[in-house]
Every structure is written in C-alpha cells, then in structure tokens.
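In what follows, residues are counted from 1 in the order of the sequence shown. Just follow the structure's listing: the first ligand is 1, and inside any ligand the first atom is 1.
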Amino acid sequence: MANPLRRIHCHGGRPCRRLASRGGPINSTFSHRASSSPLRAAEPSSPRWSSHSSVPGPQSVAAPQIGRSSTSPLALLGIGLGLLAGAVAGWAFSTSDRKQGSAKPQYATIAQMEQAITEVQRALGEDSVSTDSEILLAHGYSEWSTVNIDRLPVAVVFPSSTEEVSTVAKICHKYNIPIIPFSGGSSVEGNFSAPVGGFSVDFMNMNQIVKFRPEEKSSAGYNLNSLFVGSEGTLGLVTEATLKLAPAPTSTGVAVISFPTIKSAASMAVDVVRKGIVVGAIEILDDVQMKVINKIGATGRTWREEPTLFIKFTGDQDVVDHNIKLVQKVAREHGSPKMEFENDAEKQKVLWSARKEALWSMLALRTSGSEVWTTDVAVPLSRVAELIECSKKDLDNLNLFGSIIGHVGDGNFHETILFDGAKERQRVEQSVHRMVRRALDMEGTCTGEHGVGLGKIDSLQDELGDAPLSVMRAIKTSLDPKWLMNPGKIFHFQQ
Ligand SMILES: Cc1cc2nc3c(=O)[nH]c(=O)nc-3n(C[C@H](O)[C@H](O)[C@H](O)COP(=O)(O)OP(=O)(O)OC[C@H]3O[C@@H](n4cnc5c(N)ncnc54)[C@H](O)[C@@H]3O)c2cc1C
C-alpha cells in the first residue's frame with residue numbers, strides 16, 4: 001500500500017501553451033483596460049493609483065549597469081527542508097555585485113528590455129514571452145487588490161522548467177531587469193504588481209508532479225524554507241515544492257450556526273478551539289455579508305441575515321458525529337440552540353457555498369466607480385472577538401459599507417469594504433489603518449495570510465520596527481544585490 005505520508009514533488013515540463021504574439025506596447029504604463037483576459041477573466045472597475053509609482057523605472061532611467069560582472073553565473077540554490085522544498089533561481093554574485101549591493105537600484109532601459117525579450121525568445125522559444133496588452137494587464141493589475149499602481153510589467157515570460165527559469169534570471173541579471181514571480185495572481189496587497197516594470201515570470205506551465213518520495217528529514221543548518229516563506233518573490237523564484245500528503249478523511253460534515261451578535265459568534269468559535277474540539281475549518285461571516293449573499297443570490301438558497309459560523313468536520317464517521325455533538329453543546333451555551341448540519345457531500349457544498357461566494361457577492365454589488373478593499377489581520381485567539389467587534393463598530397461609525405469574514409479559529413479575520421473610489425478611499429485607508437493598529441496593540445500581526453506586498457509596507461514597519469527590517473534588507477541584498485527580485489515589495493530600499 002502506498003505510504004500515506006509520501007510527498008508530491010512538482011515542477012514544470014509541460015510544453016508551453018500558445019500565447020498571444022507580441023503586440024502590446026513595450027513601454028507599458030497603466031493607460032488601458034482589458035475587456036477579457038485569456039489568463040484571468042477580470043475586468044478592472046477603474047484604475048487605482050498609489051504613491052509607490054515614483055520609484056525610478058524603465059521609463060525614467062538611463063540604466064547604468066550596477067555591478068555588472070563578467071563572472072556572474074547564475075546559481076540554482078536548492079532548498080529542501082521540512083515540508084517545502086524548492087529550487088530557487090538566485091544569483092551567484094561577484095564581489096563587485098556585493099560591494100554595490102547598497103547602491104540605489106537602477107533598472108534597464110526600454111532598449112535593453114527589448115533586447116532581453118529577444119534573448120529570452122531565442123532561448124525559450126517565440127511563444128514563451130508575451131507583451132500582449134491584456135496579458136500584461138492580467139499580470140500587473142487586480143480588481144480585488146487594495147493597491148494598484150500605474151505601471152505594468154513590460155513582458156510576461158512562461159518558462160516550463162527550472163532550467164528555463166534559470167535562463168530567464170540570467171538574462172534579467174545581465175540587463176538589470178526586475179523579475180516578478182507570478183502564480184495564481186490571487187493575492188490582494190499588490191504583491192505581484194510591477195512598480196518599476198520588468199518581467200513577470202508566470203509559472204502556469206510548471207504544474208507537473210515530479211515524483212513521489214518518502215518523507216525526508218533535515219533539521220541541520222539554517223532553515224531556508226522558512227526564509228523563503230513570506231518572502232513574496234523578493235528573494236528568489238521557487239521552481240519546485242514538496243508537499244506532505246495527509247490521508248483523505250473517510251467522513252466529513254458541515255454545520256451552520258447563526259448568532260444574535262458578532263461577538264457571540266466569535267466567542268463561540270474561540271471556545272470550540274479552546275476546548276480542543278477537532279474541526280477542519282471554522283469561519284465567521286457577519287450579518288452584512290449574509291445580507292449581501294442573499295441579495296446576490298449565488299448560492300441558491302436564503303440565509304438568516306445574522307452573524308453566522310460555518311464549521312467543517314473531518315475524520316472517521318464516529319469522530320465527526322462526536323465532534324458535532326460537542327459543537328452543538330457549545331452553541332447552546334452561547335445562546336444559539338439551532339444548528340444546521342449536513343453530512344451528504346452535495347448538501348455540504350450548498351451549506352459551504354455562502355462562505356465561498358462571500359467576496360464574489362461583494363464584488364457583484366459594485367456600481368460604476370465603486371471599489372473593493374479586502375484586507376486581513378490576525379490576533380491571539382483570546383482577543384479575536386473583541387477585535388472583530390471594535391472593527392465592525394468602526395466601519396459603522398464611518399458609515400462605510402463593509403463586511404467581516406474570518407478564519408476565526410486561527411485568530412485571523414478579513415474586512416471587505418465596498419466604497420466610492422473617488423470620495424471614500426481616504427476614510428477606508430484610515431479605518432484599515434486603525435484595524436491594523438488595534439491588532440498590533442493586541443499583540444497580533446498586520447496580516448494573517450494576505451502578505452505585505454505594496455499595501456502593508458507601512459504596517460509591517462509599525463509591527464516590526466527598524467532592526468528586523470534592516471536584517472531583512474541585508475538578507476535581500478546578499479541574495480539579490482541588484483534588487484531585481486520583485487522590487488518595492490515588503491519594504492522600501494534604503495541606502
Ligand atoms: C477570494 C479570495 C480568497 C482568499 N482566501 C485566502 C485564504 O483563505 N487563505 C489565504 O492564505 N489567502 C487567501 N487569499 C489570498 C491569496 O489567494 C493568497 O495570498 C494566495 O496564497 C496567493 O497565491 P497565488 O498563487 O495566487 O500567488 P500570486 O498572487 O501569483 O503571488 C503572490 C506572491 O508570491 C510571489 N510568487 C508567486 N509565485 C512565486 C514563485 N514561484 N516563486 C517565488 N515567489 C512567487 C509573487 O511574486 C507574489 O509576491 C484569498 C484571495 C482571494 C481573492
């Protein structure tokens with residue numbers, strides 16, 4: 001029998017999908033809108049601009065070649081510790097690169113980028129690069145991102161193997177071209193935007209299972225896996241990942257419980273976790289979110305318009321049955337005797353559909369000029385009910401239309417605010433800033449899962465202060481002395 005803890009090892013190998021040929025403007029600023037995208041069908045509501053667009057970029061820079069070295073071979077650094085293993089296309093940088101690592105980064109000229117595109121096409125094939133305007137837009141803009149900037153990548157590259165990623169990285173290194181890794185494009189804090197242009201490297205072709213292998217162990221040396229987790233493409237390109245597999249549960253169930261107040265719903269969730277009741281997921285949706293889901297009607301049923309917990313159960317049938325009874329008891333203690341429960345697979349999907357449709361229902365409410373801001377924080381479990389209640393009051397006091405969703409069992413919750421982009425952006429920013437401040441005061445973090453990207457740079461500074469950020473900058477500079485990897489994200493360059 002197969003080892004249930006075997007691991008999948010994945011990387012590329014599939015032939016590159018045919019892409020639109022080059023045709024888009026090489027000097028790509030944000031002056032156009034897509035009607036459809038072959039990669040992600042998302043029409044932007046309206047461009048949003050941020051203060052980050054003043055970073056010197058390909059349009060403004062005469063591109064002196066910082067630290068160009070005739071001996072700058074590109075190294076592949078394999079990381080294979082713990083649950084994640086990857087091969088990272090990094091730079092085996094020369095002494096001259098290192099010395100100049102603290103100089104302000106300067107990037108390639110348009111002519112150099114054109115030349116680099118030609119070289120990538122020569123090495124990887126004509127179809128491996130696209131400058132089609134819709135594809136650039138899909139790789140530099142996101143309608144559900146809190147931040148969008150007025151630049152797009154100048155090209156999108158679609159490598160199919162670690163070797164091809166390495167080739168692209170070498171060419172970018174030669175010409176000082178920023179590299180922005182891109183996978184699903186679902187991040188929401190401007191994580192994959194291109195404030196200084198450059199190449200977006202899309203991993204869509206690197207979707208192969210490489211091999212199954214038994215679990216490896218290593219606890220020696222620096223934990224490079226952890227270094228790359230949370231680096232958001234600022235340190236290197238991950239080309240392989242090793243995942244630990246768990247046995248599929250033999251039985252599952254979904255429960256839905258409504259509450260009179262958001263605080264009572266959050267308190268119940270915290271109690272379930274504290275009592276050690278095993279649940280697969282525990283999610284909170286507030287009354288506003290439930291109303292929106294009913295209004296849009298994407299789930300095929302009508303919900304009680306009250307703060308609601310959605311709980312998943314997994315395990316053997318007797319374990320699931322036992323845990324459901326325990327949760328029912330806790331619900332009664334928290335004043336909510338009524339719990340809907342399903343163990344039929346299809347009916348479970350219907351019950352969970354409200355959770356799945358939450359953001360899309362908010363997006364569907366937009367009218368012309370309205371935008372969505374969706375962001376997250378996380379706090380210790382003991383503070384989560386209080387934080388959610390305060391944040392909800394803050395939204396109400398500001399007369400902003402926003403809903404609350406949370407992976408509340410992890411102390412993580414999200415605000416999704418629908419607002420008039422022209423009139424209300426500042427108020428939304430202030431409200432989000434206050435939410436982050438409250439989370440930090442409660443010994444929490446400015447983001448539980450969305451990452452820092454562009455949108456939370458200042459929040460990260462508030463959370464960590466100067467010293468940890470200096471260490472992060474030093475690590476980045478030593479691995480990426482030219483600051484080519486996803487520049488402008490997580491923290492700003494400092495000399
Ligand atoms: C509706 C919705 C629900 C969401 N729910 C959740 C949730 O429940 N939990 C959660 O954690 N997040 C959630 N998110 C946020 C988002 O989906 C996650 O942040 C997700 O992990 C991003 O993955 P991605 O493949 O789309 O990465 P992308 O958006 O493509 O990239 C994210 C970052 O990783 C970098 N990157 C991408 N590929 C590589 C690579 N190969 N090597 C190095 N760096 C790379 C990029 O440069 C970027 O900085 C949600 C988002 C949406 C829109």
Right, does [atom] have protein non-hydrogen atoms nearer than 4.0 Å?
{"atom": "atom 9 (N) of ligand 1", "answer": "yes"}
{"atom": "atom 22 (C) of ligand 1", "answer": "yes"}
{"atom": "atom 16 (C) of ligand 1", "answer": "yes"}

Quick test: of every protein heavy atom, which one is nearest to [atom], and how far off is it to 0.1 Å?
{"atom": "atom 37 (C) of ligand 1", "answer": "Ser183 OG, 3.5 Å"}
{"atom": "atom 44 (N) of ligand 1", "answer": "Gly233 CA, 3.3 Å"}
{"atom": "atom 52 (C) of ligand 1", "answer": "Ser186 O, 4.0 Å"}
{"atom": "atom 43 (C) of ligand 1", "answer": "Gly236 O, 3.3 Å"}
{"atom": "atom 27 (O) of ligand 1", "answer": "Gly184 N, 3.9 Å"}
{"atom": "atom 7 (C) of ligand 1", "answer": "Glu449 OE2, 3.1 Å"}
{"atom": "atom 32 (C) of ligand 1", "answer": "Ser187 OG, 3.5 Å"}
{"atom": "atom 4 (C) of ligand 1", "answer": "His450 NE2, 4.9 Å"}

Between Phe259 and Leu309, is any pair of side-chain heavy atoms under 4.5 Å apart?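 Yes; the side chains approach each other to less than 4.5 Å.
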State the atoms of ligand 1, each with its element, that fall below the 4.0 Å cut-off from a heavy-atom position in [X].
{"X": "Asn486", "result": "47 (O), 49 (O)"}
{"X": "Leu359", "result": "1 (C), 53 (C)"}
{"X": "Asn191", "result": "48 (C), 49 (O)"}
{"X": "His407", "result": "7 (C), 8 (O)"}
{"X": "Val238", "result": "40 (C), 41 (N), 42 (N), 43 (C)"}
{"X": "Trp360", "result": "1 (C)"}
{"X": "Phe192", "result": "29 (O)"}

Any side-chain donor paired with an acceptor under 3.5 Å for [X] and [Y]?
{"X": "Gln461", "Y": "His492", "answer": "no"}
{"X": "Thr374", "Y": "Trp144", "answer": "no"}
{"X": "Glu232", "Y": "Asn486", "answer": "no"}
{"X": "Thr447", "Y": "Glu189", "answer": "no"}
{"X": "Tyr107", "Y": "Gln112", "answer": "no"}

Backbone or side-chain N or O of Trp144 under 3.5 Å from ligand 1 N or O: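 Checking ligand 1 against Trp144, no N or O pair falls under 3.5 Å apart.
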Regarding ligand 1, does Gly185 bring an N or O atom to under 3.5 Å of one of the ligand's N or O atoms?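 Yes; at least one N/O pair falls below 3.5 Å.
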Please work out which of the three classes, parallel, tilted or perpendicular, describes the rings of His450 and His414, given edges at 30° and 60°.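 Correct class here is perpendicular.
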For the residue pair Trp483 and Phe491, does the interplanar ring angle fall in the parallel (under 30°), tilted (30 to 60°) or perpendicular (over 60°) class?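 Rings of Trp483 and Phe491: perpendicular, over 60°.
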Is a salt bridge present between Glu340 and Arg301, judged by a nitrogen-to-oxygen distance below 4.0 Å?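 Looking at Glu340 and Arg301, the cut-off is met.
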May I ask you to decide whether Glu119 forms a salt bridge with Lys174, counting only side-chain N to carboxylate O separations under 4.0 Å?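 Salt bridge between Glu119 and Lys174, a charged N being under 4.0 Å from a carboxylate O: yes.
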CG on Asp376 to OG1 on Thr146, rounded to 0.5 Å: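 Thr146 atom OG1 to Asp376 atom CG measures 10.5 Å (nearest 0.5 Å).
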Leu136 side, atom CG; Ser130 side, atom OG - distance, nearest 0.5 Å: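 These two atoms lie 6.0 Å from each other.
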The one among Pro181, Gly448, Ser142 that brings a heavy atom closest to atom 45 (C) of ligand 1: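 Answer by nearest heavy atom: Pro181.
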Does the pair Leu237 and Met485 meet the rule for a side chain to side chain contact (heavy atoms under 4.5 Å, CB included), with working shown? CA-CA 8 Å; Leu237 297 130; Met485 289 305 312; 3.8 Å; yes
